[in-house]
Enquirer: 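Structure incoming, see below.
Basis for what follows: all heavy atoms, side chains included, without hydrogens, waters or symmetry-related copies.
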Amino acid sequence: IVGELINMTRKPVEQAWTDRDEEAIASLARRQAEGGADYIDVNSGVPGEEADCMAWLVDVVQKVVDLPLSIDTSHPEALGRALERVQKAPLINSVSAEEERWSSFLPRLKGVSCRVVGLLVGDGGLPKTIQDRLDNATFLMEKFGEAGFADEDVFFDPCVMPISTDPGAGAELLDSLRELEKQWPATHRIAAVSNVSFGLPVRSLLNRSFIGLAMAAGLDAAILNPLDKGMVQTLRAADALLGKDEYCRAYLQAYRKGIFA
């Protein structure tokens, strides 16, 4: 679970940066950690201020939680500022197959202890088919290998599209997950699950349903809101049903914590 709430596209987070309100960011980090996040995502997408914002977020979050960070940026300087500060091996979110992105990010990551998200977007834009995703994955695996990454440290993000604009987007994403796992079984599959429900009512129902289906198709990591009890309930149940939770330990622990209440 990558906790998604510290993101500058969210108005309260943007306001916290404007006010330099450390407690607002610290509270989000603590609550996500308590909710079961394994990484805390920090997204510093403020035009013209991204590097300074990233440095501030990394410092604030690391003061209050003992978790690795997901460094969420498309800005090379912001990535560099984060790498100077991180205390635990981070997840780099993300390196795409776009030349401008991989050519500016991968040299900075050589010799750095980290894991990396391979965003399956290329110079032609968002992937339109399963084959587009596989072609971008093949290209990125070559580049990641040259940069010294083991397959186990790669997380493919196949780009979840909203079903409100493309009714087949959900099924195609599931097929893409299966193919990615088949071709590169040692890698991981990650997704921003909530993108699937954009523009529709009762989004939480669609998100919960989709993550269960996606886990059965090979998803083993997700960028989501760990404070959404319904989502965490579905995730723990799916792990148990798919045999990924030995003796249902995580499921039972969640029950004792009252997550299923």
Enquirer: Mind checking the CZ-CZ spacing from F155 to R115? Nearest 0.5 Å is all I need.
Expert: 3.5 Å
Enquirer: Which residue in the set L91, V2, I92 passes side-chain contact (heavy atoms from CB on, under 4.5 Å) when paired with V117?
Expert: L91
Enquirer: I'd like to know if L83 and I71 are part of one continuous hydrophobic network [Ile/Leu/Val/Met/Phe/Trp/Tyr, side-chain heavy atoms within less than 4.5 Å].
Expert: yes
Enquirer: Starting at CD of E179, measure out to CG of L174 and round the result to the nearest 0.5 Å.
Expert: 12.5 Å
Enquirer: State, to 0.1 Å, how close A191 and D157 come at their nearest heavy-atom pair, and which atoms those are.
Expert: CA-OD1, 4.2 Å
Enquirer: Going only through I, L, V, M, F, W and Y residues with side-chain contacts under 4.5 Å, is there a path from V95 to V112?
Expert: yes
Enquirer: Do E34 and P226 come close enough that some side-chain heavy atom pair is under 4.5 Å?
Expert: no
Enquirer: Which heavy-atom pair separates L173 from C159 by the least distance, and what is that distance?
Expert: CD2-O, 3.7 Å
Enquirer: Could you state the interatomic distance from CD1 (I6) to CG (N43), rounded to the nearest 0.5 Å?
Expert: 10.5 Å
Enquirer: Keeping D123 on the side-chain end and E99 on the backbone end, is there a donor-acceptor pair under 3.5 Å?
Expert: yes
Enquirer: When hydrophobic residues are tied together by side-chain contacts of less than 4.5 Å, even through go-betweens, does F260 share a cluster with I1?
Expert: no
Enquirer: Hey, are the side chains of F210 and V160 touching, using non-hydrogen atoms and a 4.5 Å cut-off?
Expert: yes
Enquirer: Evaluate the side-chain proximity of R85 to V58: yes if any heavy-atom separation is below 4.5 Å, no if none is.
Expert: yes
Enquirer: Any carboxylate oxygen within less than 4.0 angstrom of a Lys/Arg side-chain nitrogen, looking at E23 and R30?
Expert: yes
Enquirer: Locate the shortest heavy-atom distance separating L206 from P201; write the atom from each residue and the value.
Expert: CD1-O, 4.2 Å
Enquirer: Enter the distance from R31:CZ to L227:CG here, rounded to the nearest 0.5 Å.
Expert: 5.0 Å
Enquirer: Measure the spacing between CG of L57 and CG of D41 and express it to the nearest 0.5 Å.
Expert: 10.0 Å
Enquirer: Could you go through the side-chain contact (heavy atoms from CB on, under 4.5 Å) check for V13 and W17 one step at a time?
Expert: CA-CA 6 Å; V13 177; W17 161 247; over 6 Å; no
Enquirer: Can you tell if the side chain of N225 reaches within under 4.5 Å of the side chain of M231, non-hydrogen atoms only?
Expert: no
Enquirer: Which label fits F149 and F144: parallel for a plane angle under 30°, tilted from 30 to 60°, or perpendicular past 60°?
Expert: perpendicular
Enquirer: Could you walk me through whether T73 and R81 pass side-chain contact (heavy atoms from CB on, under 4.5 Å), step by step?
Expert: CA-CA 11 Å; T73 183; R81 295 284 291 278; over 6 Å; no
Enquirer: Could you tell me whether R101 sits above the aromatic face of F105, with NZ or CZ closer than 6.0 angstrom to the six-membered ring centre and within 45 degrees of the axis?
Expert: yes
Enquirer: Rounded at 0.5 Å granularity, tell me how far CZ in F156 sits from CE in M141.
Expert: 5.0 Å
Enquirer: Quick one: closest heavy-atom pair of R108 and E77, and the distance?
Expert: NH2-N, 4.2 Å
Enquirer: Can a donor-acceptor pair be found between the side chains of S70 and D72 at a distance below 3.5 Å?
Expert: no
Enquirer: Which pair of non-hydrogen atoms, one from L120 and one from R133, has the smallest distance, and what is that distance?
Expert: CD1-O, 3.6 Å
Enquirer: Mind running side-chain contact (heavy atoms from CB on, under 4.5 Å) on L67 and K88 for me, showing each step along the way?
Expert: CA-CA 7 Å; L67 289 175; K88 293 191 170 186; over 6 Å; no
Enquirer: Would M161 end up clustered with L219 when hydrophobic side chains under 4.5 Å apart are linked, directly or stepwise?
Expert: no
Enquirer: Do you know which two heavy atoms are closest between C248 and A240, and how far apart they sit?
Expert: SG-CB, 4.1 Å
Enquirer: Check whether any side-chain heavy atom of I259 lies under 4.5 Å from a side-chain heavy atom of R236, and answer yes or no.
Expert: no
Enquirer: Do V86 and V64 share a hydrophobic cluster (ILVMFWY, side-chain heavy atoms under 4.5 Å, transitive)?
Expert: yes
Enquirer: Let's go through V42 and V60 carefully: what are the C-alpha distance in whole Å and the side-chain angles of both, what is the deciding distance for side-chain contact (heavy atoms from CB on, under 4.5 Å) to 0.1 Å, and is it a yes or a no?
Expert: CA-CA 10 Å; V42 285; V60 170; over 6 Å; no
Enquirer: Side chains of I40 and L28, heavy atoms from C-beta outward: is any pair under 4.5 Å?
Expert: no
